[in-house]
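What you see is a predicted model; the values in this text were computed from it and never measured.
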Amino acid sequence: MPRAIFEKQLTPYHLQPPARQALEEDVQKLESAAREPQPDRKKIGGMIETIAGKLKMAGVIAADVVALAEPLGKTAALFHLSLAWLGLG
């Protein structure tokens with residue numbers, strides 16, 4: 001998932017700096033894991049769940065997560081994971 005897309009989607013939410021930093025770090029880890037020669041589907045699924053959970057804790061309401069689901073969904077699809085399987089769809 002391109003980090004720029006994710007960051008653009010987060011802009012309107014005015015997250016507190018620690019929450020934004022934590023999410024950005026998680027997205028960087030997700031990108032790194034996705035680039036591994038043999039990406040681990042379970043690990044990537046867990047990372048996507050972590051990102052979604054942090055979004056909820058940061059106050060991004062469920063309706064707003066839909067806008068963020070697109071880049072997360074694309075990443076999940078690369079590893080043949082569905083957002084429904086992750087409890088997000």
Side-chain angles (χ1 to χ4, degrees):
M1 164 180 48
R3 193 172 335 137
I5 293 171
F6 189 77
E7 289 173 358
K8 181 180 177 183
Q9 295 290 341
L10 283 179
T11 299
Y13 301 107
H14 307 290
L15 299 174
Q16 295 296 319
R20 180 175 290 279
Q21 182 177 353
L23 285 164
E24 288 173 358
E25 289 172 5
D26 287 343
V27 170
Q28 289 174 352
K29 290 176 188 175
L30 176 61
E31 285 182 325
S32 178
R35 289 188 188 118
E36 291 178 5
Q38 299 270 326
D40 181 338
R41 288 181 59 205
K42 187 174 182 178
K43 179 179 177 181
I44 289 171
M47 291 176 161
I48 293 171
E49 284 183 289
T50 297
I51 291 169
K54 286 183 181 177
L55 287 169
K56 290 177 187 177
M57 285 191 301
V60 178
I61 61 172
D64 293 331
V65 174
V66 171
L68 298 167
E70 182 181 354
L72 289 175
K74 287 180 180 179
T75 302
L78 290 173
F79 300 97
H80 307 286
L81 301 170
S82 73
L83 292 181
W85 176 77
L86 297 168
L88 305 173

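In this structure, CG on Leu30 lies 5.5 Å from CD1 on Ile48, to the nearest 0.5 angstrom. Leu23 contributes atom CG, which lies 10.5 Å from atom CD of Gln21 (distance to the nearest 0.5 angstrom). For the atom pair CD (Glu31) and CG (Asp26), the distance works out to 11.5 Å, reported to the nearest 0.5 Å.
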message = The test is side-chain hydrogen bond (donor to acceptor under 3.5 Å, both in side chains); show your working for Gln28 and Glu24 and say whether it passes.
response = CA-CA 6 Å; Gln28 289 174 352; Glu24 288 173 358; over 6 Å; no

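Considering all non-hydrogen atoms of both residues, Met47 and Lys29 come closest at CE-O, 3.8 Å. Residues Ala34 and Pro39 share a closest heavy-atom pair of O-CG, 3.7 Å.
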